[in-house]
There are 2 protein chains.
Amino acid sequence: MIFLNSLQNKMGAQTELILKTSSLSITSSRKKILEIFLSASTALAHQDIEKLAEQYDRVTIYRTLQTFLDRGIIHTIPTTDNTIKYALCSDDCITSGHHHDNHVHFLCDQCGRTLCLDDVSIPAITLPKGYSMKEINMVVNGICKTCME
Amino acid sequence: MIFLNSLQNKMGAQTELILKTSSLSITSSRKKILEIFLSASTALAHQDIEKLAEQYDRVTIYRTLQTFLDRGIIHTIPTTDNTIKYALCSDDCITSGHHHDNHVHFLCDQCGRTLCLDDVSIPAITLPKGYSMKEINMVVNGICKTCME
DNA sequence: TATAGAATGCAACTTTGTTGCAAAATACTT
DNA sequence: AAGTATTTTGCAACAAAGTTGCATTCTATA
Ligand SMILES: [Mn+2]
Ligand SMILES: [Mn+2]
Ligand SMILES: [Zn+2]
Ligand SMILES: [Zn+2]
């Protein structure tokens, strides 16, 4: 029990730190949504968060996700099925002002989970003359490790 | 006038050929939507097509796009802003039964257009052990050639 | 603790996507 | 060319997703 409280406190401290670092006021919905991301092993859709944070209004969740995106706390993952998934940015992302995610994302066709493959970086490409690159996304569909076993 | 009719006829013949090749019955909505894709230089959202084919019901457009996807006549392009864009598959894609698009897509942050960079192929990557790849998408955001000038 | 400013919840609304079914169009047979 | 089976379409009704304005509540700070 003491142990659990300690964990809870640690998580609480972490979420408050993230919010402070981004100059955001500390509110219970923001902390809750950050906690959800921190304990999730996969990227989450808006709907996933709605289910895990039922006490908060749908609109609040929309606005909170947008705020987190603006501050670079989370990033979006484009998918082929018209659902945006959100995931926490790595420490690098969060601390640096400008967002620069550089890993590949994986969508499992079987379990439906979306994973950040933090260790697989996106290879460089050469664009035709006249094009300037700002962001790059690489998304792979297939079967994930867990589902293969 | 004769010239225009000839162009029209050529486009008509082309759309009918595509439909026949995919064993689809030839209907005016399917021809119209194919014509839109053939004369478009960019990928299109459902909404774009709705505006360009006002005479047809929204539901018909949804179903037609789905049919074209199923037959591999068009492919989707995932975007970070929760809108799916559709584009004609290259000849290779259409003729071969199985879909294997392999080019990078470009989203211009200024004009909003989505372009198939047919000449830029997606580089290979190595996934962690246990993952199997089925499809791969690479989407680049930035400023397109036209907007740079 | 008082107060200005920010965030939230609610209601109302728009947009996007889905489904069932009758009517219309197409492909196919004769 | 006409008739018929099958497919496609439009409409209506609905469900889900996303947006906006505004009054209330909460947070930061003096
Ligand atoms: Mn990620
Ligand atoms: Mn393409
Ligand atoms: Zn899986
Ligand atoms: Zn452009």
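So that the names make sense, note that chain A is the first sequence line, chain B the second, and so on, each numbered from 1. Scope of the values below: all heavy atoms of this structure, side chains included, with no hydrogens, waters or symmetry mates.
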To the nearest Å, how far apart are Tyr86(A) OH and dG18(D) C1'?
10 Å

Tell me which nucleotide among dA28(D), dT19(D), dT9(D) gets nearest to the side chain of Ser25(A).
dA28(D)

Does the dG9(C) base have a donor-acceptor partner in the side chain of Arg58(A) within less than 3.5 Å?
no

Tell me the interatomic distance from Tyr62(A), atom OH, to dG21(D), atom P, rounded to whole angstroms.
17 Å

Measure from the side-chain heavy atoms of Thr27(B) and tell me the nearest of dA17(D), dT9(D), dT18(C).
dT9(D)

Could you give the CG-to-C1' distance, from Asp70(B) to dT7(D), as a whole number of Å?
15 Å

Out of dA17(D), dC11(D), dA11(C), which has the shortest distance to the side chain of Arg63(B)?
dC11(D)

Any side-chain heavy-atom pair of Pro128(A) and Val120(B) under 4.5 Å:
yes

If you look only at pairs with a residue in residues 25-34 of chain B, which of them pass as a salt bridge (charged side-chain N to carboxylate O under 4.0 Å, His left out), with sequence neighbours excluded?
Glu16(B)-Lys31(B)

Between C1' of dA25(C) and CD of Glu16(B), the distance in whole Å
15 Å

Please say which of Thr79(A), Asp81(A), Asp109(A) ends up in a side-chain hydrogen bond (donor to acceptor under 3.5 Å, both in side chains) with Asn141(A).
Asp109(A)

Which nucleotide, dT18(C), dG10(D), dT19(D), lies nearest any side-chain atom of Val59(A)?
dT19(D)

Using a 4.0 Å heavy-atom cut-off across all strands, classify Thr67(A) as base, sugar-phosphate, or nothing.
nothing

Under 4.0 Å between a side-chain N or O of Gln47(B) and OP1 or OP2 of dT15(C)?
no

When you measure from the side-chain N and O atoms of Asn82(B) to the phosphate of dA17(D), is any distance below 4.0 Å, counting only OP1 and OP2?
no

Between Ser28(B) and Glu50(B), name the one whose nearest nucleotide on DNA chain C is closer to the 5' end.
Glu50(B)

Residues that Phe106(B) engages under ring pair (Phe, Tyr, Trp, His ring centres under 6.0 Å), provided they are two or more places apart:
Tyr131(A)

